[in-house]
Amino acid sequence: MASVIKLPIRAPPLPSSWSPTSNSKKTIGPLAKRTLLPVGPAYLAHVRRSVHNHSFEDHDRHLEEERKRHEELHGSGEEDDLGVGDEEETPDLLALDPKEWKKQDHYAVMGLSHLRYKATEDQIKIAHRKKVLKHHPDKKAGAAGQTNDDAFFKCIQKALEVLSNPERRRQFDSIDPYYMDMESETPSPAEAKKAVDKSSKEFFRIFAPIFEREARFSKTQPVPLLGEPNDGKDAVESFYDFWYNFDSWRSFEYMDKEVNEGSDNRDDKRYTEKKNKAERARRKKEDNARVRTLVDLALSVDPRIKRIKQEEKDAREAKKKGKGKMNGTATPKADELAEKKRLEEEAKKKEEEEKAAKKKEKQAAANAAKKARRAERAATEPNGA
Amino acid sequence: MAQANGSAPEAAAPSTKGPAVIGINFGNTYASIAVLTKEGHADCIANEDGERQIACAVSFHGEEIYIGNQAKPQLVKNAENTIVGFRNLLGKKFSEIPKDQPITSAPVIQHPEQPDAAAYKVAILQPAPTPIAAPTPSVRSVAATPAASHLPTPRSEPTPAERVLTVTEVASIFLKSLVQSAQDFLGRKVEGAVIAIPSWFDESARAALEEAAKEAEIDVLQYLDEASAASLISVTSPAKTLDADRNTLLVDLGQSALSLSLLSIRHGLVYSIASSYDTSVNGEQIDVKLLKYFAKDFTKKTKIPLQVCPAKDKADQRAEAKLRLALEHTKRTISASSGAASCSVESMKDGMDFNTTVNRMRFDLECRSVYTAVVAAATRLLESVGFEPIHVDEIIYVGGSASLPGLDETFFTNGFPESVVTPFTEGSVLGGGSGDPTSLLARGCALQAKVLAGIPADQVEIREAFKRGSEHASVHATSKTLGIILPEDVSEGDAKAGDLGGQWVLGVPKETPLPYRRIVQFDCDLGEGTEGERKVGMDLWEVSEGVKVENIKQSKEEPEEGEEDEEEEEEEEEEIREKTLTKETQLGSLQLSCKHPIKEKGRWKTTVEVQFVVGHAGGVILTAREIHKDGKGEPTTLTIHPVSQS
């Protein structure tokens with residue numbers, strides 16, 4: 001590529017007396033013959049130019065093409081990190097205590113807090129490698145004055161331990177502190193009602209993210225989401241139907257109390273286990289109730305339900321009215337439709353009647369023929385006998 | 001840093017592993033190997049013994065062969081079976097080899113069969129043929145003699161034998177071990193190598209080396225001139241202050257000879273303006289001076305007479321060999337640190353140990369004469385092509401002896417200006433820096449191997465261009481410096497700029513291979529006024545470079561009153577040399593009207609980009625255009641006709 005040399009000079013202003021001299025038709029001094037050392041990339045470029053008889057501009061263009069082709073073949077050269085990126089590490093995060101690993105947000109430690117439960121296994125691997133490269137104790141060996149050097153590294157290892165095991169990751173996802181905070185912010189019925197009364201759009205603004213969040217716990221995927229303001233009756237009904245029968249995989253083992261490791265007492269262990277089990281069940285029940293109340297709340301304030309009910313009511317009334325005055329101009333369409341239907345029905349009836357008549361005729365004809373044959377047989381039998 | 005003219009930007013490696021190519025510096029006393037790192041840099045590697053400087057020595061001891069630094073201690077007890085200094089004998093006839101040198105290793109003899117061929121005769125132990133395997137117990141019949149031993153028959157004693165090796169065979173054994181070391185390091189087979197050879201190697205030496213490489217089963221991509229290998233390091237990782245176009249002095253002080261080259265580096269293209277090869281100045285002289293110094297020191301300390309270089313008797317010879325080994329360490333310590341270096345030899349002579357230290361000053365004092373001889377040779381070389389030390393922009397050192405800091409200091413005290421960039425001023429000598437003289441050649445070779453490995457196999461013509469004597473390598477070069485002068489109101493401007501009547505901008509330095517392109521950007525002051533057309537004008541001139549010598553009398557500070565020593569302070573004269581430029585021929589001029597000036601502190605300014613292109617026949621195309629934030633303005637061009645070839 002053409003390289004530009006930037007000079008740190010500032011050219012003086014052009015004197016007014018200066019004018020360009022005409023081309024002197026002189027040439028530069030005599031040339032000497034030299035032999036290049038056949039070495040380096042510049043010589044390679046020189047040979048390429050010389051072999052293909054390229055000018056500098058041609059060569060630049062050729063190189064640019066080569067580069068593009070190369071880029072297409074191998075990507076931009078940078079390793080794809082699958083969108084893991086680099087998250088900022090707050091001082092709070094770096095000061096985490098590995099002993100308190102149960103309380104730490106593993107996704108934040110791994111730098112995956114923008115992905116959370118959506119992070120794939122590959123992304124977790126990449127994120128872990130990135131963090132280790134940055135925080136490995138060997139890297140910090142030179143930096144003096146830090147006694148608690150590898151604390152954050154241990155946190156990273158704990159986070160990997162949890163997130164790389166699908167079972168343990170599911171347990172952690174169940175109680176992901178980030179979403180737990182959000183759950184506690186679910187609006188109360190009164191608030192929701194107030195907001196929705198103000199504007200029906202509020203309903204979708206509030207509830208769409210909530211349902212999206214809850215959907216991750218569903219055993220059956222995909223989950224019908226809240227939808228749009230002018231969804232039809234079927235869609236809305238199937239939505240609520242699904243959510244009232246919500247089947248969640250959420251579990252609460254992560255919140256278990258640790259069995260006292262030191263004690264060999266079997267009874268102690270059993271007692272704790274029993275308690276944990278009961279606690280889990282209680283939490284699960286609570287959670288199911290929570291989802292149910294959430295759906296209840298949504299249903300109670302859903303503007304679509306109101307709209308659908310209104311529509312149905314309107315339709316009924318219109319029907320009633322239509323019965324009252326047949327030729328009313330208010331519902332010409334309905335009249336037309338009724339007329340059409342009536343006509344169709346009549347035509348159908350007629351057709352059926354015709355069919356029936358034909359059948360009867362046929363039957364009659366067949367019967368007559370039978371009778372005739374019988375009579376004939378009766379007439380000829382004695383003769384033959 | 002400006003990029004080499006037309007060289008491609010570093011393309012991403014197609015795979016994480018680069019090509020398995022290596023660079024070999026095969027010197028007369030030491031060799032080194034370099035490989036490419038994952039990032040594509042060249043790195044000098046250590047062999048199995050952890051040595052980056054691998055001694056060129058092969059020693060035969062009984063059934064064993066020692067290669068490299070392990071062979072060196074053999075010079076003490078087993079000198080007659082230890083071969084050193086064989087590279088310089090490659091391709092030489094027996095009659096051509098001087099015989100007057102003192103013998104400290106296996107002597108060169110006439111080959112018993114081939115006429116006029118040099119060879120070495122070494123005593124070895126021939127391993128006895130393996131005896132026929134004893135019958136295994138499972139097959140042994142029950143009726144076998146009860147006394148039969150279960151142990152296999154012991155091997156009989158190896159028989160003493162003599163082995164005659166040609167120089168090429170020794171080189172082949174050594175090269176093989178180098179490639180093996182690289183292979184062990186890389187963990188895969190070496191696909192190709194570039195080997196550095198000295199510039200004085202003639203056809204027969206090359207042929208002998210090629211044969212040795214073939215015997216060692218090395219696929220040699222190129223036999224690269226040492227100057228080329230060294231320049232490649234300067235081209236690929238230059239000091240930040242250096243221009244893309246520079247004159248570089250290459251100083252290769254090896255153990256056996258001094259070789260100097262003045263290189264023209266222009267945007268990565270390199271050629272040698274002048275070079276010299278001198279065996280009368282070498283690293284061995286430094287060794288001899290130091291050996292004598294230490295021997296004298298030993299005699300002084302122990303009252304045991306010791307004569308070295310040449311040694312008088314067998315005991316002295318042994319002492320010298322031991323001292324030489326220790327000296328290696330002393331020299332390296334002196335190079336690496338500013339403090340004193342120790343030299344200790346156990347049982348040097350008559351069972352007496354020798355232990356001393358030498359500081360930098362003492363060391364340099366001993367070696368001063370060699371240093372000055374090197375600088376004198378360099379100055380002579382420059383003079384022969386009409387260069388002054390001031391025209392040298394950079395010095396590169398190659399070879400173990402060149403890593404002595406005293407040599408660099410001598411250059412600066414002998415007329416080379418402070419502005420010259422050397423690995424010592426850059427601080428890149430130690431710690432595997434880019435300027436490390438001991439590994440420079442190997443790394444240069446590895447980088448060249450990378451370039452060669454990157455050429456697709458089907459581009460035969462381009463591959464051929466790297467062979468010796470390729471027509472693409474022969475080019476025309478300019479003989480005068482070309483540049484533009486941005487005119488200035490002389491009455492306003494200071495007198496200093498008055499010489500040229502304006503601001504000088506270098507376009508094409510002299511000794512530049514053609515075709516050539518240089519693009520420069522600079523700011524232009526357009527004055528204060530508000531009305532009228534704003535213009536930038538420039539004259540294209542050919543200039544000659546000269547040196548202005550000024551003698552400045554430096555008066556010493558007045559001695560403080562009341563002090564007793566009122567010696568007469570002589571006024572010292574100091575020579576100040578300055579580069580000068582003299583206008584020679586005006587080739588034309590160019591005017592550019594500015595459409596996008598920017599106002600800054602009440603004055604108008606703009607940025608102008610000027611491109612100099614010189615065709616291979618000497619035709620100049622000068623293009624100037626304005627640069628503004630939205631892009632580039634319309635170019636204005638001046639064309640100078642090519643030089644008529646007579």
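Just so you know, these numbers use all the heavy atoms, side chains as well, and skip hydrogens, waters and symmetry mates.
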- Kindly indicate, with the supporting measurements, whether the criterion side-chain contact (heavy atoms from CB on, under 4.5 Å) is fulfilled by A:Leu44 and B:Ile455. CA-CA 9 Å; A:Leu44 177 63; B:Ile455 304 172; 3.7 Å; yes

Using a 6.0 Å cut-off, check whether atom [atom1] of [X] has over 12 heavy atoms from anything other than its own residue.
X: A:Glu121; atom1: CD; result: no
X: A:Gln221; atom1: CD; result: yes
X: A:Lys102; atom1: NZ; result: yes

For a 4.5 angstrom cut-off between non-hydrogen side-chain atoms, does [X] reach [Y]?
X: A:Ser55; Y: B:Val613; result: no
X: A:Pro38; Y: B:Lys467; result: no
X: B:Gln521; Y: A:Leu7; result: no
X: A:Asp60; Y: B:Arg517; result: yes
X: B:His476; Y: A:Arg34; result: no
X: A:Thr35; Y: B:Arg468; result: no

Any chance you could measure [X], atom [atom1], to [Y], atom [atom2], to the nearest 0.5 Å?
X: B:Arg266; Y: A:Leu36; atom1: CZ; atom2: CG; result: 11.5 Å
X: B:Ile519; Y: A:Lys6; atom1: CD1; atom2: NZ; result: 11.5 Å
X: B:Glu461; Y: A:Ser50; atom1: CD; atom2: OG; result: 8.0 Å
X: A:Leu37; Y: B:Leu263; atom1: CG; atom2: CG; result: 6.5 Å

- Looking at B:Ala465 and A:Val47, what are the two nearest heavy atoms and their distance? CB-CG1, 3.4 Å

- Message: Determine whether a donor-acceptor pair (N or O, by modelled atom type, separation under 3.5 Å) exists between the side chain of A:Tyr43 and the backbone of B:Phe466.
- Response: no

- Item | Short side-chain to backbone donor-acceptor contact, B:Gln448 and A:Gly40, under 3.5 Å | yes

- Message: A:Val4 vs B:Val520, test: side-chain contact (heavy atoms from CB on, under 4.5 Å). Steps then yes/no.
- Response: CA-CA 6 Å; A:Val4 177; B:Val520 291; over 6 Å; no

- Query: B:Thr607 versus chain A, heavy atoms under 4.5 Å apart: side chain, backbone, both or neither?
  - Reply: neither

- Task: Might you work through the side-chain contact (heavy atoms from CB on, under 4.5 Å) test for A:His46 and B:Val475, ending with a clear yes or no?
- Result: CA-CA 10 Å; A:His46 168 80; B:Val475 287; 3.7 Å; yes

- Query: Given A:Val39 and B:Ser231, is the side-chain contact (heavy atoms from CB on, under 4.5 Å) satisfied, shown in steps?
  - Reply: CA-CA 8 Å; A:Val39 67; B:Ser231 68; 4.0 Å; yes

